[in-house]
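Just so it is clear, the structure is predicted and the values come from calculations on it, not from any experiment. Chain naming here is simple, since letters A, B, ... match the order of the sequence lines and numbering starts at 1 in each.
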2 protein chains.
Amino acid sequence: MSLKYAVLAALLEGEASGYELSKVFDVSLANFWPATPQQLYRELERLAQDGLIEARVVQQERRPNKRLFTLTETGRRELSAFAAEPPRRPAALRDEFLIKIQAMDGVDPEVTRALFEERLSWARGKLARYERVRDRFLDGRTEERYLAEVDRIGPYLTLLGGIALETETVRWCERALAILKRRAPLS
Amino acid sequence: MSLKYAVLAALLEGEASGYELSKVFDVSLANFWPATPQQLYRELERLAQDGLIEARVVQQERRPNKRLFTLTETGRRELSAFAAEPPRRPAALRDEFLIKIQAMDGVDPEVTRALFEERLSWARGKLARYERVRDRFLDGRTEERYLAEVDRIGPYLTLLGGIALETETVRWCERALAILKRRAPLS
DNA sequence: TCTCCATAGTCAATTTGTTGAGTAGGTGTG
DNA sequence: CACACCTACTCAACAAATTGACTATGGAGA
């Protein structure tokens with residue numbers, strides 16, 4: 001149900017093909033609404049049929065043709081209506097890693113430490129990418145100036161959310177590693 | 001695929017019925033692997049058939065009978081094997097709220113502010129509950145003593161993860177609200 | 001030249017997840 | 001004494017998500 005609006009929201013950035021969207025959902029929106037290419041193609045089909053988006057085919061020379069999708073006025077209105085409603089369901093985190101941690105006490109501590117290490121470097125990488133996106137947004141300006149000049153602040157706020165999340169993940173991993181280290185000599 | 005291990009991990013706490021598990025998945029594990037009662041009953045059926053858990057029926061006087069499930073040795077081993085593997089898929093956050101924020105710029109700022117306010121108080125509530133769970137874990141001891149005395153630290157680490165997440169959510173909401181406030185007079 | 005990767009998708013099958021209703025006795029509140 | 005809510009599930013139907021394979025072409029690097 002929400003994928004629909006995630007797609008509409010992604011199209012606020014402008015016209016895009018299914019393929020392009022699948023890239024976007026892989027990096028930026030992956031942060032809060034993951035979707036595979038297949039889901040996107042299906043959803044785009046549906047949205048086009050419902051008149052919330054419009055497709056136009058672009059002939060290409062040395063590549064397969066593509067269909068570019070744009071928001072219609074109806075789509076824009078439906079999206080705004082959705083955005084003004086309180087969420088139906090709370091945020092859901094699905095994290096395999098946490099299941100493993102929950103069950104870690106039957107496992108070699110060294111292996112667990114390695115898992116945390118991996119997660120940590122992954123979070124650091126993601127954080128670095130977010131920070132780069134932020135720099136692109138700001139483009140040399142202070143946050144205050146940026147917020148005053150730009151007309152869409154939504155994407156910036158969600159980006160801050162992503163940064164906050166990964167920052168905290170890094171801290172949590174570090175703390176967990178410290179705890180594991182203190183515990184190691186005892187076993 | 002992971003629900004299986006989430007259930008097994010939940011049973012590390014000891015024997016439980018489907019109904020009891022559905023409570024657990026509603027509060028504690030809801031943090032990282034949400035599941036509805038129906039999913040749990042289906043999964044328990046499967047796990048019992050695969051010999052990873054064992055059921056025994058408890059006759060009850062003035063309540064419906066219940067089936068209590070316990071981990072078998074096989075189940076325990078499979079869970080440990082799973083916990084030692086690196087995660088197949090990265091953590092996925094699914095948050096309707098963030099879609100709304102991404103698309104907030106077509107919406108009355110006052111409405112958006114109210115959404116953030118709601119989210120903030122929700123996060124504060126969750127945080128408070130986590131802190132209470134932490135106090136129950138520690139039971140008056142310092143963290144250091146607790147970690148030295150207890151044998152399963154996995155649940156404590158995941159709890160710290162939950163606390164970290166909600167703490168950061170609170171901070172993020174506060175920051176976003178400050179930004180919205182600064183911006184309000186301009187519109 | 002061979003192979004891999006990127007573009008731009010489609011199709012089908014299967015697994016997960018969600019929703020709603022039904023059963024049935026017990027307990028607590030006004 | 002009615003009514004709602006708690007325990008403890010089961011069944012059926014549907015919607016959403018995942019996986020893997022398949023089609024085509026072009027460009028880059030070994």
By the 4.0 Å heavy-atom rule, please label R88(B) as base, sugar-phosphate, or nothing.
nothing
With a 4.0 Å cutoff (strictly under), does any side-chain N or O of Q39(A) reach OP1 or OP2 of dA17(D)?
yes
For L40(A) and dA17(D), give me the distance from atom CG to atom P, rounded to whole Å.
10 Å
If only side-chain N and O atoms of R94(B) are considered, is one of them under 4.0 Å from the OP1 or OP2 phosphate oxygen of dT18(C)?
no
Please say yes or no: joined through hydrophobic side-chain contacts below 4.5 Å, possibly via intermediate residues, are L160(A) and Y146(A) part of one cluster?
yes
Expressed in angstrom and rounded to an integer, what is the separation of L44(B) atom CG from dC9(D) atom P?
9 Å
Assess K100(A) against F82(B): is NZ or CZ under 6.0 Å from the centre of the six-membered ring, and within 45 degrees of the ring's axis?
yes
Does S2(A) or Q38(A) map to a spot on DNA chain D nearer the 5' end, using the closest nucleotide for each?
S2(A)
Write down the distance between OH (Y41(B)) and P (dA8(D)), rounded to a whole number of angstrom.
9 Å
Is any side-chain heavy atom of E13(A) closer than 4.5 Å to one of P155(A)?
yes
Could you tell me if the side chain of W122(A) sits less than 4.5 Å from the side chain of F97(A), heavy atoms only?
no
Nearest-neighbour nucleotide for the R67(A) side chain, dT19(D), dG9(C), dC9(D) considered
dG9(C)
Expressed in angstrom and rounded to an integer, what is the separation of L3(A) atom CG from dA17(D) atom C1'?
10 Å
Between dA6(C) (C1') and K23(A) (NZ): distance, integer Å
8 Å
Distance, rounded to the nearest Å, where M1(A) contributes CE and dA16(D) contributes C1'
10 Å
In this structure, how many angstroms lie between the P atom of dA15(D) and the CZ atom of R89(A), rounded?
14 Å
I'd like to know whether the aromatic ring centres of F116(A) and W172(A) sit less than 6.0 Å apart in this structure.
yes
Of R42(B) and K66(B), the one whose closest DNA chain D nucleotide lies more 5'
K66(B)
Nearest-Å distance, CD (E45(B)) to P (dA8(D))?
17 Å
Would you say S17(A) reaches dG9(C)'s phosphate, i.e. side-chain N/O to OP1/OP2 under 4.0 Å?
yes
From the set dT18(C), dA6(C), dT7(D), return the single nucleotide nearest to any side-chain atom of Y19(B).
dT7(D)
Between dT18(C), dA8(C), dG17(C), spot the one nearest the side chain of W33(B), thanks.
dG17(C)
